[in-house]
Amino acid sequence: MKMNWGKYVGYEVNVIMKEYYGVVQTENMTDPFFEIVIKSGVLKEVYEDGLLIIGKFQNRFIESFIPFESIKCVDIIHPQEES
């Protein structure tokens, strides 16, 4: 099944990546663990091989292209409807 990502353009997303970048360790360096990498931003465009999101990092806007094969999970944040 293929997902219709186009209907979520403009929505805020959190993309959990399959890859883990870097190792985080305790102060005494005895207990290393992998950090979970999450890319957050607004879904800007959808391509046949991945998603383009735009997010803010250190007061700068950053566009990130994320290939589908690198995605583990995506949270799609729906705008709140007014009551």
Side-chain angles (χ1 to χ4, degrees):
M1 176 172 90
K2 291 197 177 215
M3 185 162 169
N4 178 8
W5 289 101
K7 69 181 189 178
Y8 298 109
V9 169
Y11 282 57
E12 186 178 346
V13 295
N14 295 324
V15 181
I16 299 172
M17 309 293 287
K18 286 182 183 175
E19 296 89 6
Y20 297 109
Y21 298 107
V23 174
V24 178
Q25 294 185 305
T26 59
E27 271 187 41
N28 58 10
M29 306 294 270
T30 58
D31 300 317
F33 62 92
F34 291 101
E35 62 182 358
I36 296 174
V37 176
I38 298 174
K39 297 280 190 181
S40 295
V42 174
L43 181 58
K44 184 174 179 182
E45 290 192 49
V46 179
Y47 299 97
E48 68 180 42
D49 55 346
L51 305 175
L52 182 67
I53 65 171
I54 185 165
K56 203 168 187 182
F57 180 73
Q58 295 181 347
N59 293 321
R60 297 178 73 185
F61 287 101
I62 306 291
E63 289 184 342
S64 299
F65 176 77
I66 306 169
F68 286 124
E69 64 266 6
S70 295
I71 297 173
K72 184 173 187 175
C73 177
V74 178
D75 296 327
I76 300 168
I77 295 101
H78 290 258
Q80 288 196 341
E81 296 180 17
E82 294 183 30
S83 314

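- Residues passing the side chain to side chain contact (heavy atoms under 4.5 Å, CB included) test with Y11 are Y8, I76, H78, P79, sequence neighbours excluded.
- Transitive grouping of hydrophobic side chains (ILVMFWY, heavy atoms separated by less than 4.5 Å) keeps I62 and V13 in distinct clusters.
- Heavy-atom neighbours of F57 CZ from other residues, nucleotides or ligands within 6.0 Å: at or below the threshold of 12.
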Please tabulate, one pair per line, all N/O donor-acceptor pairs under 3.5 Å involving side-chain atoms of residues 42-55, not counting sequence neighbours.
{"unit_1": "K44", "atom_1": "NZ", "unit_2": "E63", "atom_2": "OE2", "d": "2.3"}
{"unit_1": "E45", "atom_1": "OE1", "unit_2": "Y47", "atom_2": "OH", "d": "3.0"}

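- By the side chain to side chain donor-acceptor pair (under 3.5 Å) test, K56 pairs with no residue at all, sequence neighbours left out.
- Under the 4.5 Å side-chain heavy-atom criterion for Ile, Leu, Val, Met, Phe, Trp and Tyr, V15 and M3 are members of the same hydrophobic cluster.
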- [ ] Please test K18 against S70 for side chain to side chain contact (heavy atoms under 4.5 Å, CB included), starting from the C-alpha separation and ending with a verdict.
- [x] CA-CA 5 Å; K18 286 182 183 175; S70 295; 5.6 Å; no
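- A search for side chain to side chain contact (heavy atoms under 4.5 Å, CB included) contacts involving N14 returns I38, S40, D75, I77, not counting sequence neighbours.
- Under the side chain to side chain donor-acceptor pair (under 3.5 Å) criterion, S64 pairs with no residue at all, not counting sequence neighbours.
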